[in-house]
2 protein chains.
Amino acid sequence: MTTVANGKMTKPVKSLMAIQSEVQSSNRIALSVDCVIFGFDENKLKVLLIRSDLKKYQSKWSLLGDLVGQHEDLDAAAYRILKQRTGLDDVYLEQVHSFGSVSRHPAGRVVTVAYCSLINVRHHKLKILDNELHWHDVQSVTDLAFDHQQIFNACYQWLQKRIQEHPLGFNLLPKKFSLRDLQNLYEAILDTKMDRRNFRKKFFAMDFLIDIDEMEQDVPHRPGKLYKFNYDKYEKKKKKWVGIDF
Amino acid sequence: MTTVANGKMTKPVKSLMAIQSEVQSSNRIALSVDCVIFGFDENKLKVLLIRSDLKKYQSKWSLLGDLVGQHEDLDAAAYRILKQRTGLDDVYLEQVHSFGSVSRHPAGRVVTVAYCSLINVRHHKLKILDNELHWHDVQSVTDLAFDHQQIFNACYQWLQKRIQEHPLGFNLLPKKFSLRDLQNLYEAILDTKMDRRNFRKKFFAMDFLIDIDEMEQDVPHRPGKLYKFNYDKYEKKKKKWVGIDF
DNA sequence: TTTAATTGTGTAAAATATACACAAAGTAAA
DNA sequence: TTTACTTTGTGTATATTTTACACAATTAAA
């Protein structure tokens with residue numbers, strides 16, 4: 001039996017039969033899922049963290065993770081962990097990247113798969129608050145336990161890209177929202193300012209907003225119109241993007 | 001000990017200490033890497049496959065995979081497997097996605113991480129040809145072993161998107177190439193035709209091509225100029241893309 | 001009724017993408 | 001050596017998209 005750590009040595013090509021027997025015995029690795037759960041509240045992008053209870057990382061925050069069960073699909077594990085840690089289900093969840101450095105976890109070899117979720121803070125009250133679970137401003141997230149800072153950074157970057165190509169953001173808003181709500185969301189996630197008129201023009205041109213003929217309530221200024229996102233239309237018109245651009 | 005397969009049940013929140021002990025004992029899963037190695041030759045996009053030697057899949061082709069060693073970084077495993085199966089190293093390799101259905105592999109529970117590579121068929125002769133390793137037209141890839149068809153499809157889609165946002169394609173060309181070479185490459189990978197003049201205009205406008213003042217040789221028509229890709233300039237000018245577009 | 005805040009709207013200018021045709025350079029064959 | 005063939009190299013007019021920017025209308029609060 002050979003294992004190599006640096007990828008420079010070679011070993012004889014092994015048949016899948018040989019692999020098969022290994023699968024039964026040794027050569028297995030602990031596998032976890034870590035969830036990076038983004039939310040939006042008070043015009044700020046937030047993320048859910050818990051307090052690490054490993055001595056080594058006692059004062060540090062960490063992502064929501066757990067081991068994947070032997071008989072559990074990877075995606076199912078992500079949904080389970082989200083539910084288990086927060087009490088929430090029926091939310092959008094997407095795999096982002098796997099992290100597999102040998103020494104990334106102090107408890108031994110653990111390869112982890114990162115999943116991202118976007119939830120509406122106001123409309124999804126957390127039902128479980130163990131381990132000091134709560135929302136943190138993404139700006140204030142530094143120095144997480146393990147390699148969780150790296151995982152978080154990767155997920156944040158992923159989110160910024162993703163939200164420009166897919167209408168993820170609507171998951172962070174109430175069903176009915178104003179265009180200002182929508183713009184605040186994009187500005188918070190992309191950490192940028194946009195021109196209000198051009199932003200409107202862009203979204204109206206996409207033609208995925210349904211004017212529900214209601215107005216904002218209780219705002220100390222002229223109220224804006226409320227809209228819903230037309231998911232059905234989006235699914236049908238989804239664009240096949242071709243254009244070299246780097 | 002509880003494991004759940006459907007993500008609907010919950011179990012008590014477990015401390016990382018508890019996890020730590022589990023890592024030492026049971027609850028480990030075989031982890032593999034599968035490499036989807038794309039190449040380009042005769043103006044066609046190719047992919048490397050080997051013959052599966054599992055009885056159940058005896059007549060089928062499969063991706064280049066192997067288990068990840070206990071003490072081997074995930075990325076290192078991908079590079080090792082590529083080298084082991086093909087004799088090649090020093091090529092671009094990127095993680096794409098992990099696949100973790102419980103029943104995806106007949107030999108038992110194996111979660112696999114897919115990596116993509118792009119290599120120049122002409123300039124990287126394969127040094128190992130075990131298991132009938134050879135290049136297949138991507139068009140002819142159907143009905144792979146295990147869930148490899150699904151993995152391949154995901155990687156092919158990933159590649160099509162990736163190549164429009166990053167100058168990956170230059171890995172598939174010789175160091176010196178003509179604009180026709182470049183266009184053939186994009187047309188093959190994106191499976192589309194483009195206007196020759198506009199294609200040129202676009203690439204010249206990017207300003208990442210270095211005119212090396214040489215011409216094509218041995219072509220039965222007016223020879224084209226040869227170029228190199230300016231990786232340094234690209235790295236510096238790399239664009240921070242902001243633009244909602246879906 | 002006045003002030004403060006924010007919504008709703010349009011247009012001109014700039015940048016980018018698209019469609020399209022002909023002369024020039026080489027090889028191959030008569 | 002001429003002619004036919006193939007492919008390169010180039011420019012312009014048009015359409016589309018993006019950007020920058022200002023003022024009147026609506027509401028709540030003072």
Side-chain angles (χ1 to χ4, degrees), chain A residues 42-43 163-165 167 173-174 176-188 190 192-229 237-246, chain B residues 42-43 163-165 167 173-174 176-188 190 192-229 237-246:
Chain A
E42 296 166 334
N43 287 341
I163 203 167
Q164 293 179 65
E165 295 173 5
L173 294 174
K176 306 167 179 185
F177 51 84
S178 68
L179 273 169
R180 166 52 54 189
D181 293 334
L182 189 59
Q183 186 172 346
N184 285 340
L185 171 64
Y186 274 88
E187 290 184 343
L190 299 178
T192 186
K193 293 284 168 199
M194 300 174 181
D195 180 90
R196 196 165 55 89
R197 279 169 291 186
N198 292 335
F199 184 88
R200 269 163 186 275
K201 209 184 306 178
K202 184 148 221 163
F203 269 92
F204 287 138
M206 283 179 194
D207 208 25
F208 294 136
L209 297 181
I210 303 169
D211 181 343
I212 58 172
D213 210 36
E214 290 180 49
M215 308 296 269
E216 287 179 298
Q217 303 292 327
D218 306 318
V219 285
H221 54 73
R222 175 174 176 177
K225 297 179 95 172
L226 297 178
Y227 299 87
K228 285 198 298 188
F229 185 72
K237 283 181 62 174
K238 226 188 295 201
K239 154 170 174 185
K240 191 186 151 131
W241 185 54
V242 178
I244 300 149
D245 196 18
F246 52 80
Chain B
E42 296 166 335
N43 287 341
I163 204 166
Q164 293 180 65
E165 295 173 5
L173 294 174
K176 307 167 179 185
F177 51 85
S178 68
L179 273 170
R180 167 50 57 187
D181 292 335
L182 189 59
Q183 185 171 345
N184 285 341
L185 171 64
Y186 274 88
E187 291 184 342
L190 299 178
T192 186
K193 292 284 169 198
M194 300 173 181
D195 180 90
R196 196 167 55 90
R197 278 168 292 185
N198 293 334
F199 183 87
R200 267 163 186 274
K201 211 184 306 178
K202 182 151 222 161
F203 270 91
F204 287 137
M206 282 181 196
D207 208 23
F208 295 135
L209 297 181
I210 303 168
D211 181 343
I212 57 171
D213 210 38
E214 289 180 49
M215 308 296 270
E216 287 178 299
Q217 302 293 327
D218 305 319
V219 286
H221 55 74
R222 173 173 178 178
K225 298 179 94 171
L226 297 179
Y227 298 87
K228 286 198 297 187
F229 184 72
K237 284 181 59 173
K238 224 189 296 200
K239 155 169 173 184
K240 191 186 152 131
W241 184 56
V242 178
I244 299 149
D245 195 19
F246 51 80

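Keep in mind that the numbers below use all heavy atoms, side chains included, and drop hydrogens, waters and symmetry copies. So that the names make sense, note that chain A is the first sequence line, chain B the second, and so on, each numbered from 1. What you see is a predicted model, and the numbers here were worked out from it, not measured in a lab.
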Original post:
Is the distance between the ring centroids of B:F204 and B:Y227 under 6.0 Å?
Top reply: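 Ring centres of B:Y227 and B:F204 closer than 6.0 Å.
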Subject >> Closest-nucleotide ordering on DNA chain D, the 5'-leading residue of A:N198 and A:P223 >> reply: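 Closer to the 5' end of DNA chain D: A:N198.
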Subject >> Pairwise 5' ranking along DNA chain D for A:H221 and A:D195, keeping only the more 5' one >> reply: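 The residue closer to the strand's 5' end, by nearest nucleotide, is A:D195.
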**OP:** Could you please name the option among C:dA25, C:dA17, C:dT7 that lies closest to any side-chain atom of B:K202?
**Re:**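 Shortest atom-to-atom distance from the side chain points to C:dA17.
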Subject >> CA sep, side-chain torsions, deciding dist, call: B:L182, B:F203, side-chain contact (heavy atoms from CB on, under 4.5 Å) >> reply: CA-CA 10 Å; B:L182 189 59; B:F203 270 91; 3.7 Å; yes
In whole angstrom, give the distance that lies between atom [atom1] of [X] and atom [atom2] of [N].
X	N	atom1	atom2	value
B:R200	C:dT18	CZ	P	18 Å
B:F199	C:dA17	CZ	P	14 Å
B:K193	C:dT18	NZ	C1'	18 Å
A:Q183	C:dG8	CD	P	12 Å
A:R197	C:dG8	CZ	P	14 Å

**OP:** Pick base, sugar-phosphate or nothing for B:K201, based on heavy-atom distances below 4.0 Å to the nucleic acid.
**Re:**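 If one applies the 4.0 Å heavy-atom cut-off, B:K201 turns out to touch a base.
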Original post:
Which part of the nucleic acid, if any, lies within contact of B:R180, taking any heavy atom under 4.0 Å across all strands shown: a base, the sugar-phosphate backbone alone, or nothing?
Top reply: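 Since only primed, P, OP1 and OP2 atoms lie under 4.0 Å of B:R180, the category is sugar-phosphate.
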Subject >> Within residues 203-220 of chain A: residues closer than 4.0 Å to DNA chain D (heavy atoms) >> reply: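 Here the set is A:V219, A:P220.
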Original post:
Quick one: the side chain of A:R222 and the base of C:dT6, do they pair up donor-acceptor inside 3.5 Å?
Top reply: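 Side chain to base: no pair below 3.5 Å.
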Subject >> Listed partners of B:F177 passing ring-ring contact (aromatic ring centres under 6.0 Å, His included), at least two apart >> reply: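 With sequence neighbours excluded, B:F177 shows a ring-ring contact (aromatic ring centres under 6.0 Å, His included) to B:F170, given in chain and number order.
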**OP:** Take A:L209 and A:K228 through the test side-chain contact (heavy atoms from CB on, under 4.5 Å) and record every step on the way to the result.
**Re:** CA-CA 6 Å; A:L209 297 181; A:K228 285 198 298 188; over 6 Å; no
Original post:
Contact boundaries of DNA chain D with chain B (under 4.0 Å, heavy atoms), 5' to 3'?
Top reply: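 First and last nucleotides in contact are D:dT6 to D:dT12.
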Subject >> Qualifying residues under salt bridge (Lys or Arg N to Asp or Glu O under 4.0 Å), relative to A:K202, sequence neighbours excluded >> reply: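 With sequence neighbours excluded, A:K202 shows a salt bridge (Lys or Arg N to Asp or Glu O under 4.0 Å) to no residue whatsoever.
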Original post:
Among all residues two or more places apart in sequence or in another chain, which pass the salt bridge (Lys or Arg N to Asp or Glu O under 4.0 Å) test with B:K225?
Top reply: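 Residues passing salt bridge (Lys or Arg N to Asp or Glu O under 4.0 Å) with B:K225: B:D211.
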**OP:** Go through the structure and list residues passing side-chain contact (heavy atoms from CB on, under 4.5 Å) with A:N184, not counting sequence neighbours.
**Re:**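 Residues passing side-chain contact (heavy atoms from CB on, under 4.5 Å) with A:N184: A:F40, A:N43, A:R180, A:E187.
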**OP:** Give me the ring orientation class for B:F246 and A:F229: parallel if the planes are under 30° apart, tilted from 30 to 60°, perpendicular past 60°.
**Re:**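 Aromatic pair B:F246/A:F229 classed perpendicular.
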Original post:
Distance-only, no hydrogens or angles: does the B:D181 side chain make a donor-acceptor pair with backbone N or O of B:S178 under 3.5 Å?
Top reply: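 Yes; at least one donor-acceptor contact below 3.5 Å.
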